[in-house]
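Each remark here refers to the structure printed beneath this line.
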Protein chains: 2
Amino acid sequence: MTIRAMESSRAVDSGSSRRQLTRQKLYEAAVTLIAEQGFSATTVDEIAERAGVAKGTVYYNFASKSVLFEELLRHGVRLLTTSLREAAEKTAQDGGSKVDALDAMIRAGLVFIDRYPAFTQLYVAELWRTNRAWQSTLMVVRQEAVAVVEGVLRDGIANGELSEEIDIPLTAAALVGMVLVAALDWQAFQPERSLDDVHAALSRLLQGRVSGNR
Amino acid sequence: MTIRAMESSRAVDSGSSRRQLTRQKLYEAAVTLIAEQGFSATTVDEIAERAGVAKGTVYYNFASKSVLFEELLRHGVRLLTTSLREAAEKTAQDGGSKVDALDAMIRAGLVFIDRYPAFTQLYVAELWRTNRAWQSTLMVVRQEAVAVVEGVLRDGIANGELSEEIDIPLTAAALVGMVLVAALDWQAFQPERSLDDVHAALSRLLQGRVSGNR
DNA sequence: GGAATTAAACTGACTGGTCAGTGCAAAATC
DNA sequence: GATTTTGCACTGACCAGTCAGTTTAATTCC
């Protein structure tokens, strides 16, 4: 087992040392507060209080408020890309088509957003800002996620399943956006709908079964 | 004519009284700064400086920083919904189908975002936040925009052009999201692409011409 | 088993700086 | 001469980050 692998496995299982526990509590407190109010409007005192921890502890665990935020971002996006990749690989193993893979990724995206709505909110709110300290972190991390979708599109074109005319990066971005915005709207404005409902609506859009009679 | 009516009519035509000119400069300064940095991270001093105006003038024209921002929001969304509605009505007059209307609205959305990228950035960043002062303003204004899309979908189903199975609110939200995110990605990550390119990619997605051979 | 020792983790009062908003007299503009 | 803008000093609240001291838990030693 490589050192790298050890590190990432430790980072993935939310370790249970005292320190890891505190960090976890801080992540959870920060993610909801920042999703609600934005980064600048959220104070370190608030985060500490919500986490049930003294302010000094925040600074014992993170170099600064923005470092806390950056690590939070990385942590969250790692979860998302992992889950997208798994969804794509699973349908491949089951001998599904590429459209099936896209559909499975849509569902995986919805499940993620359903489980971590605050993180998604915060991510969308920060992604297109310019001139912010964590800008580069966000770009890298966005590219990772979109690349998974682009890969599936590329494979689909290669095997003739998808039209050669589609613009890979633009279509990938549009698909991601479709899922993101539909899911946030679902959460915010019609939370009574089931995940299956939302998935069905997006599937239909993906597969061009919007326009008429069939 | 009531005082209220006078105020709002004056706010609509970007009038050219001395006062209106100052307000316009303040809007422009505020929209870019807030898009870049967020509301809380942007100071009133910065806005005044960028607008080339004294700080006192900001407070002579707006009751507070957040009032300035709210009026900015209303101003911007008014422009967007007007332009969406016009696009939909135009294709209707030209005897176009409902899918044509949707397509025209996609283009209108893209044109708007192309012209006012900072406003769009800022709008997306604030829309799904909870617990903010201008939350209700945003909700109302979002509903206006989505309603235009929903109306076209509803008409399309009524005349048999669109499938009865589609979920109107969810599909409308997904379409708006598709355009929004694709456009922001276009601006941020591949600004060299032309508006026509982006429009073509989204049209294809809308009309289900993604999956191969036909 | 229990006392002593140690390092890691945590605490919270404090500091220095920042910023929204005020006040006002003088100047510019219409 | 009325409205609008300027310039700038000032206030009071708020907040990121610091640090000297305390607690916790694990280890060593008797």
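We name chains A, B, ... by the order of the sequence lines, and we start the count at 1 in each one.
In this structure, A:S66 reaches neither bases nor backbone, as no heavy-atom distance under 4.0 Å exists between it and the strands shown. B:S40 comes within 4.0 angstrom of nothing in the nucleic acid, heavy atoms only. Residue B:T43 is classed as a sugar-phosphate contact, given heavy-atom separations below 4.0 Å to backbone atoms only.
Under a cutoff of 6.0 Å and an axis angle of 45°, B:R74 and B:F69 do not form a cation-pi pair. The cationic group of A:K55 does not satisfy the cation-pi geometry with A:Y60, failing either the under 6.0 Å distance to the six-membered ring centre or the 45° limit from the ring axis.
In plain terms, the two heavy atoms of A:D167 and A:P169 that are nearest each other are OD1-CD, 3.3 Å.
Rounding to whole angstrom units, CZ of residue A:F62 and P of D:dG17 are separated by 14 Å. In this entry the distance linking CG of B:L21 with P of C:dC30 reads 10 Å, nearest Å. As a whole-Å value, the separation of B:L26 CG from D:dT4 P is 14 Å. Rounded to an integer number of Å, the gap from CZ of A:R23 to P of C:dC10 is 10 Å. Look at CZ on B:F69: it is 17 Å from C1' on C:dA20, rounded to the nearest Å. A:R19 has its CZ atom 11 Å from the C1' atom of C:dC10, to the nearest Å. Atom pair A:K65:NZ and C:dG17:P shows a separation of 19 Å (rounding to whole Å applied).
Put simply, A:Y59 has no side-chain N or O that comes within less than 4.0 Å of OP1 or OP2 on D:dT18. For C:dC10, the OP1/OP2 oxygens have a side-chain nitrogen or oxygen of A:T22 closer than 4.0 Å. Here A:K55 does not reach the OP1 or OP2 of C:dG12: none of its side-chain N or O atoms lies under 4.0 Å away. Between A:T57 and C:dA9 there is no side-chain N or O to OP1 or OP2 distance below 4.0 Å. The side chain of B:R18 contributes no N or O atom lying less than 4.0 Å from OP1 or OP2 of C:dC30.
Looking at which nucleotide of DNA chain D each of A:A41 and B:V53 is closest to, the 5′-most match is held by B:V53.
Of the candidate nucleotides C:dC10, D:dA16, D:dT3, D:dT3 has the atom lying nearest to any side-chain atom of B:Y60.
Remark: side-chain polar atoms of A:R193 are not paired, donor with acceptor, to backbone N or O of A:W186 under 3.5 angstrom.
The aromatic rings of B:F119 and B:F112 sit perpendicular to each other, their planes meeting at more than 60°, with 30° as the lower class boundary.
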